[in-house]
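Below you'll find the structure, written out as structure tokens, and then a few comments.
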Protein chains: 2
Amino acid sequence: MASAKYSNQSRYTVAVDCIVFGYDGQNLKILLVKRALTPLKGKWSLMGGFIAKNESADEAASRILADLTGLKDIYQEQFYTFTKPDRDTQERTISIAYFSLIDIKKYKESISTAYQAQWFSIKDYPELIFDHGEMVKMAQKRLQYKATSHAILFELLPDKFTIPLLQSLFEDVYETNFDKGNFSRKMLSTGLLQKQKDKDKTGSKKGAYFYKLDKKNYQQNLHKFLKLVPNPNNFI
Amino acid sequence: MASAKYSNQSRYTVAVDCIVFGYDGQNLKILLVKRALTPLKGKWSLMGGFIAKNESADEAASRILADLTGLKDIYQEQFYTFTKPDRDTQERTISIAYFSLIDIKKYKESISTAYQAQWFSIKDYPELIFDHGEMVKMAQKRLQYKATSHAILFELLPDKFTIPLLQSLFEDVYETNFDKGNFSRKMLSTGLLQKQKDKDKTGSKKGAYFYKLDKKNYQQNLHKFLKLVPNPNNFI
DNA sequence: CCAAAAGTGTTACAAATACACCCATGG
DNA sequence: CCATGGGTGTATTTGTAACACTTTTGG
């Protein structure tokens with residue numbers, strides 16, 4: 001192992017920031033925290049932190065998310081690195097941005113306490129520090145883009161969910177409405193859903209069957225997920 | 001402007017590495033250079049460099065590319081940031097990876113001299129330093145992914161090109177064969193191509209009409225680019 | 001005139017959309 | 001018994017894929 005360093009090069013702090021998405025059955029939401037550091041202490045921001053000496057960015061993102069939510073093995077994806085020299089007013093900091101998808105209900109309790117964290121609708125959230133607003137916008141676009149061809153939105157739902165709930169999630173993510181008949185048939189045609197015996201009767205008198213993701217066929221049928229979103233053109 | 005710094009945080013050198021794609025009419029190629037720095041001086045690597053104090057990563061990538069090729073306003077896109085703590089044997093370095101698309105013929109001369117740069121087929125290139133091999137693989141996938149729904153491969157072709165040439169480019173990028181009739185009709189149906197009056201007769205006796213990208217209708221018709229690649233499932 | 005590549009036409013099939021209709025049940 | 005949301009059926013239209021066919025022209 002060499003001990004020499006690259007001479008005459010600048011070095012910067014490198015951070016990870018996480019856009020955490022959740023879905024409460026009504027609205028797509030993001031999780032924000034009140035910033036603990038100066039500058040701008042107390043302002044709303046994304047959950048983030050610096051990359052430590054012996055961890056990768058992925059590991060840092062996992063650590064930060066576990067710290068905030070108490071959750072491990074969360075879906076997360078690096079999507080862009082923000083590098084404008086003056087993006088952080090304190091000191092030049094490179095930020096590697098991630099988005100995460102979590103089941104909001106399952107973990108609602110464990111979250112809110114620690115960091116003064118709070119869920120906000122993606123359509124109405126407070127002003128954020130630095131370029132975090134830009135990060136959120138980009139994360140939302142990436143989520144739309146990715147979900148046209150990958151079965152990732154299930155990560156936002158409980159283990160058992162109904163097709164009408166799934167549809168309302170898609171409608172909220174894509175800010176549009178789908179025909180229920182066509183939506184249902186497309187989803188079922190992927191072979192990804194396993195029908196359960198029980199129904200959810202909270203939403204209607206007839207009740208809607210619960211489904212689970214079929215993890216056995218998950219990998220084999222993932223490619224069928226293409227074209228699930230009508231007119232994906234608009235989101236790409 | 002605050003002069004205070006984040007205390008007790010590690011700082012790392014931050015680099016940009018570029019995967020430069022070109023197409024010579026036969027094969028999709030990448031541009032590699034012989035590394036000028038220790039360690040591993042003289043080994044094949046991607047073109048890269050450190051991010052300077054007053055530039056963003058985008059600016060650094062443009063600068064590095066202009067330096068290597070003499071070209072400005074090249075298509076480039078940040079696609080992933082590589083962060084494994086030991087990826088660089090000299091010193092921990094974060095690398096923000098970009099891919100670029102250039103018209104190989106137009107600039108072939110100005111390139112090769114400066115940095116001992118050389119084009120290699122994407123199917124057969126030498127072993128690369130650090131994690132650069134991984135970067136190339138990921139860039140290739142991203143190119144395939146993106147080009148299923150965005151008209152970016154034109155960046156690899158001269159201003160005037162024939163549909164058979166365009167087809168062979170697509171076939172090379174996706175490592176498959178397309179029906180020429182269907183391919184031609186799909187491309188023309190986008191409204192993105194302007195037929196020219198002259199033909200390219202180098203490839204056949206009949207000759208193939210040249211086309212140009214219709215930059216007026218480019219933005220309006222971009223969305224039509226979806227589904228141009230048969231079975232895009234395989235590449236997503 | 002013929003080989004070889006460019007380009008067009010045709011047909012069978014698969015898919016997406018729109019929308020009408022039936023189902024189940026709590027109140 | 002009826003309003004309400006869940007779920008199914010189906011006709012129309014559109015898109016896709018395969019492949020046969022015509023065109024052009026240098027040698």
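Under the 3.5 Å distance criterion, with hydrogens and angles disregarded, no donor-acceptor pair is assigned to the side chains of B/D200 and B/T162. Between the side chains of A/S95 and A/D17, a donor-acceptor pair is found at a separation under 3.5 Å. Side-chain contact annotation: A/T176 with A/E171, donor-acceptor N/O pair under 3.5 Å absent.
Around the NZ atom of A/K199, the shell of radius 6.0 Å holds more than 12 heavy atoms that belong to other residues, nucleotides or ligands. Residue A/D198 qualifies as enclosed at atom CG: its count of foreign heavy atoms under 6.0 Å is above 12.
Between B/G207 and A/S204, the residue anchored closer to the 5' end of DNA chain C is B/G207, taking for each the nucleotide with the nearest heavy atom. Residues A/A208 and B/G181 each lie close to DNA chain D; by heavy-atom proximity, the contact nearer the 5' end of the strand is made by A/A208.
Separating the CG atom of A/L188 from the C1' atom of D/dG7 is a distance of 10 Å, rounded to the nearest angstrom. When rounded to the nearest whole Å, the span between CG of B/D198 and C1' of C/dA6 equals 16 Å. Per the geometry, CG belonging to B/D179 stands 13 Å off P belonging to C/dA6, to the nearest Å. The nearest whole Å value for the distance from the CZ atom in A/F178 to the P atom in D/dG6 is 16 Å. Atom C1' of nucleotide D/dG7 and atom CG of A/L193 are separated by 15 Å, given to the nearest angstrom. Between the C1' atom of D/dA18 and the CG atom of B/N177 lies a distance of 14 Å, rounded to the nearest Å. A/Q167 places its CD atom 9 Å from the P atom of D/dG6, with the value rounded to the nearest Å. Atom NZ of B/K195 is separated from atom P of C/dA6 by 14 Å (rounded to the nearest Å).
The two residues B/K197 and B/Y209 come nearest to each other via the heavy atoms O-CE2, 3.9 Å.
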Collect all protein-nucleotide pairs involving nucleotides 10-13 of chain C in which both atoms are nitrogen or oxygen and the distance is under 3.5 Å.
from: C/dT10; atom 1: O4; to: B/R185; atom 2: NH1; distance (Å): 3.2

Just the atom pairs and distances: protein N or O near nucleotides 21-24 of chain D's N or O, under 3.5 Å.
from: D/dT23; atom 1: O2; to: B/K206; atom 2: NZ; distance (Å): 2.9

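In this structure, B/F178 and B/Y174 have tilted ring planes: the angle between them lies in the 30° to 60° band.
Ionic pairing of B/K123 and B/D172 is present here: one or more N-O contacts between side-chain nitrogen and carboxylate oxygen are shorter than 4.0 angstrom.
Considering only heavy atoms from C-beta on, B/F183 comes within 4.5 Å of B/L166 through its side chain.
Here A/G203 lies in heavy-atom contact (under 4.0 Å) with sugar-phosphate atoms only.
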